[in-house]
Every structure is written in C-alpha cells, then in structure tokens.
Chemist: 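Quick one: the structure is below, questions incoming.
Just so it is clear: chains get the letters A, B, ... in the order the sequence lines come, proteins before strands, and each one is counted from 1.
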Number of protein chains: 2
Amino acid sequence: MAKKSAGPQPTPWREVPELLRLPPGKPVDLASYDPRDTPVGPADKAAGLAATAETAPLLAGLQERLFAASTAGDRRRVLLVLQGMDTSGKGGTVKHVIGLFNPSGCRIRAFKSPTPEELEHPFLWRIAKELPRAGEIGIFDRSHYEDVLIARVRELAAPDVIERRYGQINNFERSLADDGGVTLVKVFLHISYEEQRRRLLERLDNPDKHWKFDPGDIEDRVLWPDYQRAYETALERCSTDAAPWYLVPADRKWYRNWAVGALLLAHLEALDPQYPPGDFDAALCRDRLLSMG
Amino acid sequence: MAKKSAGPQPTPWREVPELLRLPPGKPVDLASYDPRDTPVGPADKAAGLAATAETAPLLAGLQERLFAASTAGDRRRVLLVLQGMDTSGKGGTVKHVIGLFNPSGCRIRAFKSPTPEELEHPFLWRIAKELPRAGEIGIFDRSHYEDVLIARVRELAAPDVIERRYGQINNFERSLADDGGVTLVKVFLHISYEEQRRRLLERLDNPDKHWKFDPGDIEDRVLWPDYQRAYETALERCSTDAAPWYLVPADRKWYRNWAVGALLLAHLEALDPQYPPGDFDAALCRDRLLSMG
C-alpha cells in the first residue's frame with residue numbers, strides 16, 4: 001500500500017541515466033533533441049532549484065563515503081567529463097553542481113589548447129596525468145574529446161590520425177573503467193544556436209563579463225554546423241557500455257544543474273560506497289582516552 | 001550623520017586581521033588565549049551561522065574578480081595555511097569555508113608525512129610545487145610548518161637543522177609575498193585539550209567516523225605540552241610583517257568558520273581585484289553577432 005506522502009515526491013534521479021543516455025552504437029541527430037526540453041525531473045525553475053537543493057546533502061554524503069572507503073583500499077572514483085559548445089555552461093556547472101561537494105575531495109581540471117610540451121606527447125598523455133585519485137570526484141572541463149572536435153573542425157591533425165583517435169579513446173576509457181575503478185560520467189551540454197547568441201550578447205552587454213568574452217567566439221559560430229557534426233560523430237562512436245555519453249538539454253541553466261547533479265547522484269548511489277570499519281578496539285581506545293585525563 | 005539601518009549591522013570582518021594577528025616578534029603564550037573565546041564578531045551560534053552566510057556572496061564575488069584579473073596579467077593570489085592539533089578542524093574549515101568559493105578557482109592540498117621522494121629534497125620543495133597559480137585561492141591543510149612542529153617534537157631532524165628552518169621559512173614566505181604576488185593568510189586553529197578529547201570520543205562513538213580515527217592520536221596527547229611549545233616557537237618566530245600568523249579560537253566550530261571566512265574576506269577586500277576591461281570593441285562585436293543570424 002502506498003504510504004501517504006507528507007510532502008512533495010523526491011525527484012526521480014534514479015531514472016536519469018537511463019533517460020539521458022545516448023545508446024551505444026546508435027546514430028546521433030542533435031537536431032532531434034530540444035535544448036529547452038526537460039525530459040525527466042523538474043519542469044520549471046522553482047521546482048528545479050528546489051530539487052537541486054534536495055540532492056545537495058545526498059551528494060555530499062555519498063562523496064564522504066567514497067572518500068572514506070578509499071582510506072581502506074577501495075580504489076573507486078568518479079570522473080565527470082563536461083563537453084559542449086562555448087557558453088554551454090561547463091564553468092557554471094562546476095560552480096553550481098560541484099560546489100555542492102566538499103571541495104577537498106574534488107579534482108577539477110580545465111583543458112585549454114595543448115601546450116608545446118603537451119603536443120610532443122600522444123593526445124591522451126595530458127589527460128592521464130590529471131585523472132582523479134581513489135575516492136575523489138574528478139571533473140574535466142573539456143577533455144580528450146577536444147582532439148576529435150576542434151581538431152576535426154579546424155583540421156589540426158591529419159584525417160587518419162583523427163580517425164584512429166575514436167578507437168584510442170574507447171580503449172582508454174575501457175581501461176579506466178575495468179582496471180582503474182573509474183566511473184565515467186560523460187556529459188554533453190546541449191545548447192541551441194539562439195541561446196548561444198543570447199549568452200554572448202549578455203557577456204557583451206555587461207563589462208564585468210568582458211573578461212569571459214573572446215571575439216573569436218563570434219567567428220566560431222560560422223562553424224556551428226561543423227561542430228555539431230563533429231559532436232554527433234564523437235557521441236555516436238564513443239558512447240560505449242563502459243562509458244556512455246549523456247545528453248543534457250542546457251538552454252535552461254536550472255535544468256542543466258539539476259540533471260548533472262542527478263546523474264552524479266545516481267552513479268554514486270549505484271557505487272554504494274561504505275564507511276570502512278576501524279581496525280582498532282573502540283572500547284579500549286575509549287578507556288585509554290578517558291584514563292589519560 | 002549615521003544612516004538609519006534597515007537591518008542588523010554587518011559583522012566587522014575588516015577588524016578581524018588586526019584583532020587576531022599575533023604581533024611579529026612578540027612571545028606567544030597559548031595558555032593565555034581561551035579556545036572558546038569570541039574576541040570579535042558574532043557571540044553565539046545563531047549569529048555566527050548567519051554572519052558566515054552573509055559573507056558567502058562577498059567571498060565568491062571577490063574570488064571571481066581575482067580570477068578575472070589574472071586573465072589580464074594580474075599575478076596576485078591568496079594562500080590560506082591551516083595548522084592546528086589533530087581534530088582542530090582543518091578539514092572542517094575547508095569543507096565549510098572553502099566550500100563557499102567557486103571550486104574551480106581553489107587549489108587545495110593536504111600535506112601528509114613526507115614520501116621517500118619528498119625526503120630526498122629540501123623540506124620546502126614539495127611546498128613550492130603546490131603553490132596557487134595567479135588568480136587562485138590556495139589552501140594548505142598542514143604545510144611546511146610541520147617541519148618545525150612534529151619534526152621538532154618527534155626529533156625527526158637534528159636540532160641545528162630545525163633551528164635553521166625558521167629563517168628559511170621566513171625567507172621563503174617573504175619571497176612569495178614580494179615577488180610571487182602571494183597574500184599569505186596563516187591560521188592557527190587553537191583548540192583545548194578537553195575539546196580534543198571530546199572530539200576524539202565523538203569519533204570513537206560513531207562507527208561512521210572510525211575511518212577518521214587513529215589510535216596513535218590518543219598516544220600523541222601525551223606530547224600535547226611539547227606540541228604547544230613547538231607551536232609557540234613557530235608562531236613567535238614566523239609571524240612576520242610579510243606573513244603574519246592569525247590565532248583563531250577553534251573550540252566552537254561556528255566561530256572558527258566565521259573567523260576564517262572573515263580573515264579571507266578582509267584580505268580579498270584589501271587586494272581589491274578588478275574585472276579587466278575587454279580589448280575589443282563591444283558595439284562592433286554586438287553588430288557582428290546580430291548580423292550573423
């Protein structure tokens with residue numbers, strides 16, 4: 001029998017991975033996904049903010065368990081990979097969603113254009129160095145996917161080199177999942193061409209946001225269709241069972257934040273990390289502590 | 001004429017550095033500081049929590065300015081150094097105070113016992129590697145001070161080696177302040193012997209906290225007076241004009257959190273970082289953006 005509820009039902013974060021996952025091996029048509037959609041969970045801003053606030057203590061609690069477990073040898077960790085067009089909200093997601101965690105257990109890395117040193121190495125070299133340690137939540141703001149996105153659109157590498165990279169990425173991610181204890185949560189923040197314009201205008205109209213603005217971002221919009229195609233290829237070829245891609249509609253910031261939080265929550269719950277038992281006699285320690293004055 | 005206030009007065013964070021600073025060159029007698037004291041600011045828990053919440057948007061706002069300024073060449077950064085006895089709340093401070101910042105601009109490092117590799121280098125080697133970059137808030141949970149604290153109490157180095165370290169630390173910190181653009185905020189979290197017992201008992205009585213408990217922490221209490229003396233020596237000899245030490249009474253967690261937040265806020269306000277102007281013509285960019293469709 002259903003128990004009478006005293007308040008609003010919890011938002012259904014457990015269903016989120018299934019509903020936002022891009023099925024492995026299926027073609028991806030980005031135009032068929034509405035960036036303003038709310039396919040699961042809260043449907044308006046007030047409900048979205050409330051639902052995100054509701055997940056905060058759950059996220060922080062599971063993070064603490066994950067970290068605690070690592071002190072007793074549990075090698076598991078989570079890696080959130082954020083990708084999306086300029087202004088899609090990668091930085092905002094870090095601020096608002098990752099800000100719900102204890103910062104000491106988060107390892108956040110933003111990947112810019114490769115340095116000369118990085119270019120001398122295989123493209124996964126700089127990525128491997130920045131992976132989260134056991135018990136940590138890693139966050140990549142951009143990632144190795146840039147090497148099949150901007151690299152493809154701007155022809156920064158030969159076509160056969162880029163072609164090989166999809167398989168290299170899949171092998172790399174499989175080894176992280178299989179041998180590295182890494183739960184990958186790969187999120188594509190899907191915004192519309194119109195929303196990007198609105199956000200760029202917002203930056204232009206507010207001098208306090210000019211530091212975030214690059215006139216090159218405007219010229220990049222000419223390449224919008226190429227970027228969408230490059231994303232479709234990457235999402236299709238690199239959404240695997242070991243490391244699926246999730247598509248998060250991101251025109252609405254409150255929905256984006258809720259959805260990314262929900263994805264992390266569902267994955268952390270599935271890991272079900274446990275506080276490790278102490279390897280000491282608590283009663284004995286208690287007596288000793290009290291006897292010392 | 002005083003303006004009529006519409007609400008409670010803001011808590012006096014600007015006065016906090018002056019009032020909590022340990023004056024350079026003066027002997028330090030820790031017993032003369034009450035760890036339950038509230039020498040400035042809120043006097044009870046409700047007021048403390050409200051005051052800390054009040055500082056949150058100010059801290060985040062100044063952090064964003066500091067980061068924004070760094071993108072235009074401002075080399076300044078802040079480094080919070082947290083020291084204190086076991087259970088004094090270094091980790092709790094990171095969670096509750098640093099958690100108020102945008103995590104992407106924070107560089108948090110916890111220093112444990114040195115590794116074999118670290119021991120092969122001068123004691124400041126591992127510290128220098130982990131300094132914050134321009135625009136960042138760095139946080140050290142323990143630091144180079146361990147090399148004149150536990151190293152002194154446990155005789156991990158020869159007396160003349162430890163003796164030299166105070167001057168080496170002062171030179172190092174002066175160079176960070178003078179040439180590195182680093183504003184050092186060194187905080188000693190001052191707890192009482194009785195409060196430590198209470199917190200250790202709390203960990204023992206809660207199986208979910210056993211992972212934080214080390215029976216060795218009890219035996220370390222025998223050395224409490226030695227640690228207090230080592231702290232007094234370090235605080236006295238390394239509170240300098242370039243990098244003063246602040247003593248924060250830490251038996252009350254809400255006061256500790258407020259005071260550390262207030263110290264950071266006062267220092268960030270004094271830095272007064274500014275959003276940099278854009279090096280582009282905003283009107284022209286606007287036209288171009290709108291003309292592209």
Side-chain angles (χ1 to χ4, degrees), chain A residues 60 64-65 67-72 90-91 94-96 98-110 139 141 193 197 200-201 203-215 217-219 221-222 224 274-286 288-290 292-293, chain B residues 60 64-65 67-72 90-91 94-96 98-110 139 141 193 197 200-201 203-215 217-219 221-222 224 274-286 288-290 292-293:
Chain A
E64 182 172 282
R65 281 173 186 266
F67 187 82
S70 78
T71 65
K90 300 180 289 294
V94 173
K95 182 173 169 178
H96 294 287
I98 304 309
L100 304 175
F101 289 106
N102 182 336
S104 68
C106 298
R107 185 174 294 258
I108 305 168
R109 293 295 181 269
I139 300 96
D141 175 345
Y193 188 71
R197 180 173 51 207
L200 289 173
L201 282 174
R203 289 183 185 177
L204 276 174
D205 291 346
N206 182 350
D208 287 356
K209 291 190 173 182
H210 281 187
W211 66 279
K212 288 188 183 185
F213 187 85
D214 177 353
D217 294 347
I218 299 181
E219 301 314 317
R221 281 168 63 79
V222 175
W224 181 276
Q274 298 296 323
Y275 287 113
D279 56 353
F280 50 84
D281 184 326
L284 218 64
C285 286
R286 204 173 200 291
R288 173 82 180 123
L289 188 53
L290 292 170
M292 285 175 75
Chain B
E64 183 172 279
R65 283 173 185 264
F67 187 82
S70 78
T71 65
K90 299 179 291 293
V94 173
K95 182 173 171 180
H96 294 285
I98 304 308
L100 305 175
F101 289 106
N102 182 335
S104 67
C106 298
R107 186 173 292 261
I108 305 169
R109 294 296 180 272
I139 300 95
D141 175 344
Y193 188 74
R197 179 172 52 206
L200 288 174
L201 282 174
R203 290 184 183 176
L204 277 173
D205 291 346
N206 182 350
D208 285 357
K209 292 192 173 179
H210 280 187
W211 65 280
K212 290 188 183 184
F213 187 86
D214 176 353
D217 295 346
I218 299 180
E219 301 314 317
R221 282 169 62 79
V222 175
W224 182 275
Q274 298 297 322
Y275 287 114
D279 56 354
F280 51 84
D281 183 325
L284 217 66
C285 287
R286 202 171 202 291
R288 172 82 182 123
L289 189 53
L290 292 170
M292 287 175 74

Chemist: With only heavy atoms counted, which part of A/T71 is less than 4.5 Å from chain B, the side chain, the backbone, both or neither?
Modeler: side chain
Chemist: Considering only heavy atoms and a distance below 4.5 Å, find which of A/G278, A/A282, A/C285 pairs most often with chain B.
Modeler: A/C285
Chemist: Measure distances from A/D281 to the heavy atoms of chain B and classify the residue's part below 4.5 Å as side chain, backbone, both or neither.
Modeler: neither
Chemist: A/F67 vs B/W211 aromatic rings, parallel, tilted or perpendicular, using cut-offs 30° and 60°?
Modeler: perpendicular
Chemist: Under 4.5 Å heavy-atom distance to chain B, tell me which part of A/C106 shows up: side chain, backbone, both or neither.
Modeler: neither
Chemist: So how far is it from B/K90 NZ to B/K95 NZ, rounded to the nearest 0.5 Å?
Modeler: 15.5 Å
Chemist: Side chain, backbone, both or neither: which part of A/Y193 has a non-hydrogen atom closer than 4.5 Å to chain B?
Modeler: side chain
Chemist: Say you draw a straight line from CG of B/N102 to NE2 of A/H96; how long is it, rounded to the nearest 0.5 Å?
Modeler: 8.0 Å
Chemist: Check whether any side-chain N or O of A/R288 sits under 3.5 Å from a backbone N or O of B/E219 as a donor-acceptor pair, and report yes or no.
Modeler: no
Chemist: Pick from A/L204, A/D217, A/I108: which one has the most heavy-atom pairs with chain B under 4.5 Å?
Modeler: A/L204
Chemist: Against chain A, label B/R109 side chain, backbone, both or neither, depending on which of its atoms sit under 4.5 Å from a heavy atom there.
Modeler: side chain
Chemist: For residues B/F213 and B/I218, determine if any side-chain heavy atom of one lies less than 4.5 Å from a side-chain heavy atom of the other.
Modeler: yes
Chemist: Among the options B/H210, B/K209, B/M292, B/K212, pick out the one with the most heavy-atom pairs lying under 4.5 Å from chain A.
Modeler: B/H210
Chemist: Counting heavy-atom pairs under 4.5 Å to chain A, which of B/D205, B/V222, B/I98 comes out on top?
Modeler: B/D205
Chemist: With a 4.5 Å cut-off on side-chain heavy atoms, are B/R197 and B/R221 touching?
Modeler: yes
Chemist: Roughly how far apart are A/Q274 CD and B/D208 CG, rounded to 0.5 Å?
Modeler: 9.0 Å
Chemist: Find the one option among B/A68, B/A283, B/P277 whose heavy-atom pairs under 4.5 Å with chain A are most numerous.
Modeler: B/A68
